[in-house]
Asker: 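Please find one structure pasted underneath; my questions will follow.
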Amino acid sequence: MAGQTVVVVGAGPAGVRAAERLVAAGVRPIVVDEAERAGGQIYRRPHSGLERSYETLYGFEAGRAKALHDAFDALRPAIDHRPMTLAYAVDGRRLFLNAGGRITEVRFDALLLATGATDRLLPVRGWTLPGVFSLGGAQVALKAQAATIGRRPVLMGTGPLLTLVAYQYVKAGTKPAAVLDVSPFRARLAALPQLASRAGVLAKGLYYVAQLRRLGVPLWTGVTPLAIEGSGRVSRVIWTDDGGQRRETDCDAVGLGFGLRSETQLADLAGARFAFRASAGQWLPVQDDAGRTTVERVYVAGDGAGVNGADAAEIQGRLAAIALLDDLGITRSAEEEKRLRRQHARMRRFTAGLERAFLWPASLAAATADETLVCRCEAITAGELRRSVRDLDARELNRAKSFVRVGMGRCQGRFCGAAAGEILAAALGVATRDAGRLRGQSPVKPLSISAERNS
């Protein structure tokens with residue numbers, strides 16, 4: 001192994017288990033993570049001084065969270081851990097890092113990307129009002145800062161994270177004004193055979209729903225968001241129920257989340273080929289069953305390779321590490337790899353059920369009103385996107401970006417890219433995949449103008 005450098009980006013479930021497997025084979029990887037402490041989003045640890053019990057923070061997942069944290073803490077002497085460090089670019093075999101305004105370059109022999117996922121958002125009239133947060137942001141506030149986004153928030157979007165965050169808020173003493181899910185209840189019924197492949201996980205989800213109902217939290221499915229309103233700050237959400245009846249819910253904050261989107265920018269910059277996964281409504285890196293991308297010695301694992309959940313991410317992290325070790329000629333673990341692949345195949349069936357039960361609301365995104373802001377960074381409306389097709393002949397998303405700057409701002413399309421693709425595709429009269437995708441750009445997140453390169 002002398003002279004070979006292995007880098008793992010991300011210290012969530014996939015990154016921790018990948019690092020653990022590499023260390024077991026005698027490799028000392030560099031582990032880069034933006035957070036101060038390992039755990040990722042789902043097992044995020046609070047800041048120092050805000051320590052709380054595992055049961056309070058993670059509920060049913062307390063045991064898994066503690067096991068992951070303990071595993072990483074045990075790894076520390078055997079890895080080069082670089083916390084609070086942003087991996088912002090890849091160029092060939094070079095990875096560029098920013099830690100506290102100091103720029104460094106790492107030349108790697110193998111790169112394992114475990115970059116996780118972020119909220120996928122749908123533009124709603126009024127979503128730029130103060131008091132509107134992403135659903136993940138609402139969860140981070142609770143886990144990391146022991147705070148809630150409001151005293152009577154509305155949680156709106158789709159996916160199992162809606163009820164999980166609502167349950168966590170109730171446990172923390174904050175009762176949501178409503179949980180509004182755009183996915184119809186019949187979609188969940190149709191997905192039950194696939195969801196039943198992981199009966200324990202399904203049971204937890206049903207428990208959350210039952211507890212929320214018992215405590216009087218209004219739960220609605222099949223809703224259509226119309227607007228978020230308020231004078232200077234959020235005060236109500238306007239929506240229609242699955243029967244088309246208009247309703248209003250008073251609130252003091254809104255958490256928006258329409259599923260999750262994989263963080264794929266670094267894989268894009270590394271040169272990996274992408275393909276559109278229709279069931280997820282996302283462009284994802286092309287990979288084999290062990291996480292190998294189309295670029296030699298570049299691997300993806302966990303939710304950054306496709307959203308499958310924390311349990312699956314741990315398996316994917318191990319699989320990708322085994323593939324990496326095999327490709328570098330360090331170890332060969334065929335039997336272990338086969339066992340992990342079988343486990344992961346069962347989890348993929350459950351993921352397919354989730355994608356069926358909680359569809360990305362492409363039609364709602366495509367129907368976004370002309371005056372609604374889509375790209376918050378550059379203040380681009382849905383109408384401007386449509387005009388880029390009608391008046392400027394933008395036939396693809398990056399072409400529209402060059403004309404009207406959609407996705408060119410601070411978030412690099414993380415907030416607006418999914419909806420912009422649907423709006424453009426509808427304006428062109430083509431399938432979403434035919435409208436293209438926003439390509440990754442360096443730096444994947446903003447750098448301070450004062451950042452300096454280490455000599």
Asker: Can you tell me how far apart CD (Glu335) and CD1 (Ile322) are? Round to the nearest 0.5 Å.
Answerer: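 So the CD of Glu335 and the CD1 of Ile322 are separated by 11.0 Å.
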
Asker: In chain order, what residues pass the side-chain contact (heavy atoms from CB on, under 4.5 Å) check against Ala87, with sequence neighbours excluded?
Answerer: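 Here the qualifying residues are Val9, Val32, Leu95, Leu97, Leu266.
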
Asker: Considering non-hydrogen atoms only, spot the tightest contact between Ala14 and Ala114 and give its length.
Answerer: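 Reported closest heavy-atom pair: CB-CB, 3.9 Å.
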
Asker: Could you go step by step and tell me if Trp283 and Phe276 meet the ring pair (Phe, Tyr, Trp, His ring centres under 6.0 Å) rule?
Answerer: CA-CA 4 Å; Trp283 289 89; Phe276 187 76; 5.5 Å; yes

Asker: Under a 4.0 Å threshold between the charged nitrogen and the carboxylate oxygen, would Glu384 count as salt-bridged to Arg386?
Answerer: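 No, Arg386 and Glu384 are not salt-bridged.
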
Asker: Is the distance between the ring centroids of Phe358 and Phe258 under 6.0 Å?
Answerer: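 Ring-ring flag for Phe258/Phe358: false, centres at least 6.0 Å apart.
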
Asker: Can Glu336 and Arg318 be counted as an ion pair, charged N to O under 4.0 angstrom?
Answerer: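 A salt bridge is absent here (no side-chain N lies under 4.0 Å from a carboxylate O).
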
Asker: Looking at Glu371 and Arg125, is any side-chain nitrogen of the basic one under 4.0 Å from a carboxylate oxygen of the acidic one?
Answerer: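 Salt bridge absent between Arg125 and Glu371.
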
Asker: Hey, are Gln282 and Trp360 close enough side-chain-wise for a donor-acceptor pair under 3.5 Å?
Answerer: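 Gln282 and Trp360 do not have a side-chain donor-acceptor pair below 3.5 Å.
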
Asker: Donor-acceptor check, side chain of His69 to backbone of Tyr43, threshold 3.5 angstrom: yes or no?
Answerer: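 The answer is yes, because a donor-acceptor pair under 3.5 Å joins these two groups.
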
Asker: Quick one: is the NZ or CZ of Arg376 closer than 6.0 Å to the six-membered ring centre of Trp127, and within 45° of its axis?
Answerer: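 Checked: cation-pi criterion met.
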
Asker: For Arg28 and Pro77, indicate whether the former's side chain and the latter's backbone hold a donor-acceptor pair under 3.5 Å.
Answerer: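 Yes; at least one donor-acceptor contact below 3.5 Å.
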
Asker: Please determine if Glu20 and Arg17 form a salt bridge, counting it only when a charged side-chain N lies under 4.0 Å from a carboxylate O.
Answerer: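 The answer is yes: the pair qualifies as a salt bridge.
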
Asker: Indicate whether any N or O donor in one side chain lies under 3.5 Å from an N or O acceptor in the other, for Gln168 and Gln139.
Answerer: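 Yes.
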
Asker: Has the side chain of Thr293 got a donor or acceptor atom that lies under 3.5 Å from a matching backbone atom of Val295?
Answerer: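 Yes, Thr293 side chain to Val295 backbone: donor-acceptor pair under 3.5 Å.
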
Asker: Does a salt bridge link Asp393 with Arg399, judged by any charged N lying under 4.0 Å from a carboxylate O?
Answerer: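 Judged by the 4.0 Å cut-off on N to carboxylate O distance, Asp393 and Arg399 do not form a salt bridge.
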
Asker: Just by distance, do the side chain of Asp303 and the backbone of Gly309 share a donor-acceptor pair under 3.5 Å?
Answerer: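 Confirmed, Asp303 side chain pairs with Gly309 backbone.
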
Asker: Please determine, by modelled atom types, if Thr85 and Glu34 share a side-chain donor-acceptor pair under 3.5 angstrom.
Answerer: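 Per modelled atom types, Thr85 and Glu34 side chains form no pair under 3.5 Å.
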
Asker: Thr264 side chain to Ala267 main-chain N or O, any donor-acceptor pair under 3.5 Å?
Answerer: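 No: the side chain of Thr264 does not pair with the backbone of Ala267.
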
Asker: Would you check if the side chain of Arg120 reaches a backbone N or O of Gly257 as a donor-acceptor pair within less than 3.5 Å?
Answerer: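 No: the side chain of Arg120 does not pair with the backbone of Gly257.
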
Asker: Examine distances only and state if a side-chain atom of Glu337 and a backbone atom of Ala290 form a donor-acceptor pair shorter than 3.5 Å.
Answerer: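 Side chain of Glu337 to backbone of Ala290: no pair is present.
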
Asker: Should Ser388 and Leu424 count as side-chain neighbours, where that means a heavy-atom distance under 4.5 Å?
Answerer: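 Of all side-chain heavy-atom pairs linking Leu424 with Ser388, at least one is under 4.5 Å.
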
Asker: I'd like to know if the side chain of Asp288 and the backbone of Gly291 have a donor-acceptor N/O pair within less than 3.5 Å.
Answerer: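 Present.
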
Asker: Is the shortest side-chain N to carboxylate O distance from Asp119 to Arg414 below 4.0 Å?
Answerer: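 Arg414 and Asp119: not salt-bridged.
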
Asker: Calculate, to the nearest 0.5 Å, the distance between atoms CZ and CD belonging to Arg261 and Glu263 respectively.
Answerer: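 One finds 4.5 Å between CZ of Arg261 and CD of Glu263.
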
Asker: State whether Asp181 and Arg188 are salt-bridged, where the test is any N-O pair (Lys NZ or Arg NE/NH1/NH2 against Asp/Glu carboxylate O) under 4.0 Å.
Answerer: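 Here Asp181 pairs with Arg188 in a salt bridge, since their nearest N and O are under 4.0 Å apart.
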
Asker: Under a 4.0 Å threshold between the charged nitrogen and the carboxylate oxygen, would Arg76 count as salt-bridged to Asp70?
Answerer: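 No, this pair does not count.
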
Asker: Under the side-chain contact (heavy atoms from CB on, under 4.5 Å) rule, collect the residues that match up with Thr148, sequence neighbours excluded.
Answerer: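 Applying side-chain contact (heavy atoms from CB on, under 4.5 Å) to Thr148 gives Leu142, Tyr169, Thr174.
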
Asker: Is a salt bridge present between Asp326 and Arg332, judged by a nitrogen-to-oxygen distance below 4.0 Å?
Answerer: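 So Asp326 pairs with Arg332 through a salt bridge.
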
